[in-house]
Number of protein chains: 2
Amino acid sequence: MKRSYNQYCGLAAALDVLGERWTLLLLRDLLLGPKRFKDLLDGLPGIGTGLLSHRLKELETAGVITKATLPPPAGSTVYQLTSDGESLRPVLLGLTRWGMTRLGEPSANHYIDAEALALAVAARFNPAAADDADGRYQLTIDGRPFRLDITDDHIDVRVGPTDRPRVSITADTGTLIALTNGTRTLADSLAEGTITLDGDPEAVMHLARAFDLAPPS
Amino acid sequence: MKRSYNQYCGLAAALDVLGERWTLLLLRDLLLGPKRFKDLLDGLPGIGTGLLSHRLKELETAGVITKATLPPPAGSTVYQLTSDGESLRPVLLGLTRWGMTRLGEPSANHYIDAEALALAVAARFNPAAADDADGRYQLTIDGRPFRLDITDDHIDVRVGPTDRPRVSITADTGTLIALTNGTRTLADSLAEGTITLDGDPEAVMHLARAFDLAPPS
DNA sequence: CCGAATCCGGCATGATACTG
DNA sequence: CAGTATCATGCCGGATTCGG
């Protein structure tokens, strides 16, 4: 018998499913695309195989994720969000935004991951400033490609390359951290060459604005 | 030494503060206004006094809540959200909305509370349909008054009466549950007299629309 | 009565070893 | 690679107690 708050309250019902340790971080990893057991294990340092297995089963039972088998030749089993799980995206980005304000400088025992930074970029997206920002973008962090899809006032991030992106952004984790917490400006990073923006200058400007960054020159 | 995910990720940082058992439900109760220790204890059936005390201290240290002493003659100490805690409101409403879809009919072991229902009403608020809905409203659930303040695309709920509300809504918990999960319509409940709406008919219509309810006749 | 500390049984978690 | 099994530890839930 599963532990429950037993309250007739939406938040309590949500936490009965999502409130256990590791659960929301696990879903965060799935926001960027389907993952194998091993991928999830690597993205959640400290979780044991037993607990991960347990959480995956709970979430599958709750209808938040599904297990799928990749088509040949891969054939590996992966976990992915259902549409119900997918609908948590804005909520998780909201919580991420809240938590980002209390992340200072990274410290020695901080596990740093390109995926978390891709999500941080998405969390910084400001719908109110996103005029003319619609389109597909590529974000490459430490050589790992992500797709950014902006439509209307909504943003989507996924692992994987983009074909013919409107702008292609390339940076390393250190630069993105400095950028998202305001230690360094976009202009500085461009001048240092630690970030590059390839694409129509007009599009670059709209993009910078959509993330509340001072547009370059 | 406090347990931490040790990830340089906004979500992980948020969960380091908010992710322990009871924490988000505790903040939910504070969303409706300052509370005494006893009030919180009553709103969280199953939590022990020790654990509640512990959570309050953690949240105070994290700067999410503060302890305050009410002016005489009350003089009681209450806990309340800081502005940082207050900024969790949209996130908590988002999670509440997500969880509400998995609340079916209330069962015997469900703890039912007027405050949770007031929050459920707020979570149903649809900014996109809230034209001309700005104003102060009173919502009375089982005799307990709440204030609903709508401005622009934002809604605020608090415990307490409203002076000169634009509309005054009165209902019991059962009716509100049936209404929020779609078992009964607004028109039905009005006909039965289990809900009453006092105020300018025009305002009533705008209000119903803002909560995605079919407007009465 | 309110706010909080303490003790204790039971369950959740985390680490490691092991199997298909 | 994808999990299951096992065990030590620590967190949680309940009761009791204690000071204001």
Side-chain angles (χ1 to χ4, degrees), chain A residues 1-7 12 15-26 29-30 33-62 65-80 109 111, chain B residues 1-7 12 15-26 29-30 33-62 65-80 109 111:
Chain A
M1 192 55 193
K2 201 185 168 324
R3 179 166 70 166
S4 163
Y5 288 113
N6 283 317
Q7 295 199 16
L15 292 175
D16 280 343
V17 175
L18 309 173
E20 307 294 310
R21 192 162 168 79
W22 297 108
T23 303
L24 287 180
L25 286 183
L26 194 169
D29 284 355
L30 292 182
K35 293 272 171 69
R36 291 171 305 171
F37 191 89
K38 180 59 157 49
D39 301 327
L40 292 168
L41 208 56
D42 293 343
L44 302 171
I47 197 176
T49 54
L51 194 47
L52 175 55
S53 169
H54 188 58
R55 289 284 177 273
L56 288 168
K57 241 167 291 189
E58 289 174 326
L59 288 173
E60 202 182 350
T61 305
I65 67 174
T66 43
K67 203 193 287 206
T69 305
L70 253 45
S76 46
T77 66
V78 294
Y79 296 88
Q80 58 189 266
N109 53 3
Y111 172 82
Chain B
M1 194 56 192
K2 201 185 169 324
R3 177 166 72 165
S4 162
Y5 288 113
N6 282 318
Q7 295 200 16
L15 292 174
D16 279 343
V17 175
L18 310 173
E20 306 294 310
R21 193 161 169 79
W22 297 109
T23 303
L24 286 180
L25 287 183
L26 165 54
D29 284 355
L30 292 182
K35 293 274 168 69
R36 291 170 304 172
F37 190 89
K38 180 60 157 49
D39 301 327
L40 292 168
L41 208 56
D42 293 342
L44 303 171
I47 197 175
T49 55
L51 194 48
L52 176 55
S53 167
H54 187 59
R55 290 285 177 272
L56 288 168
K57 239 167 292 188
E58 289 174 327
L59 288 173
E60 201 181 351
T61 305
I65 66 174
T66 43
K67 205 192 285 205
T69 305
L70 253 44
S76 48
T77 65
V78 294
Y79 297 88
Q80 58 187 261
N109 53 2
Y111 171 82

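Protein chains get the first letters and strands the later ones, always in sequence-line order, with residue 1 at the start of each.
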Would you tabulate the pairs of protein nitrogen or oxygen atoms and nucleotide nitrogen or oxygen atoms of nucleotides 14-19 of chain D closer than 3.5 angstrom?
unit_1	atom_1	unit_2	atom_2	d
D:dG14	OP2	B:Gly46	O	2.8

Which nucleotide, C:dG14, D:dG13, C:dA4, lies nearest any side-chain atom of B:Tyr79?
C:dA4
Nearest whole angstrom, please: distance from the C1' of C:dG3 to the CG of B:Asp42.
13 Å
Please tell me which of the listed nucleotides, C:dT13, D:dC12, C:dA4, lies nearest to the side chain of A:Arg21?
C:dT13
Which atom of A:Arg55 lies closest to which atom of A:Thr23, heavy atoms considered:
CD-OG1, 3.2 Å
Side-chain N,O (A:Arg3) to OP1/OP2 (D:dG13) below 4.0 Å
yes
CG-NZ distance between A:Leu30 and A:Lys35, expressed to the nearest 0.5 angstrom:
6.5 Å
Whole-Å distance, A:Leu52 CG to C:dT13 P, equals 13 Å
Between the side chains of B:Glu60 and B:Lys57, is the shortest nitrogen-to-carboxylate-oxygen separation below 4.0 Å, so that they form an ion pair?
no
Provide, to the nearest angstrom, the distance between the CG atom belonging to A:Leu41 and the P atom belonging to D:dG3.
11 Å
Do any side-chain nitrogens or oxygens of A:Lys57 fall under 4.0 Å of OP1 or OP2 in D:dA2?
no
For C:dA4, does OP1 or OP2 lie under 4.0 Å from any side-chain N or O of B:Lys38?
no
Using whole Å, report how far CG of B:Asn6 lies from C1' of C:dG14.
14 Å
Atom NE2 of B:His54 and atom P of C:dA5: how far apart are they, to the nearest Å?
10 Å
Once you round it to whole Å, what is the distance between C1' of D:dG3 and CD of A:Glu58?
16 Å
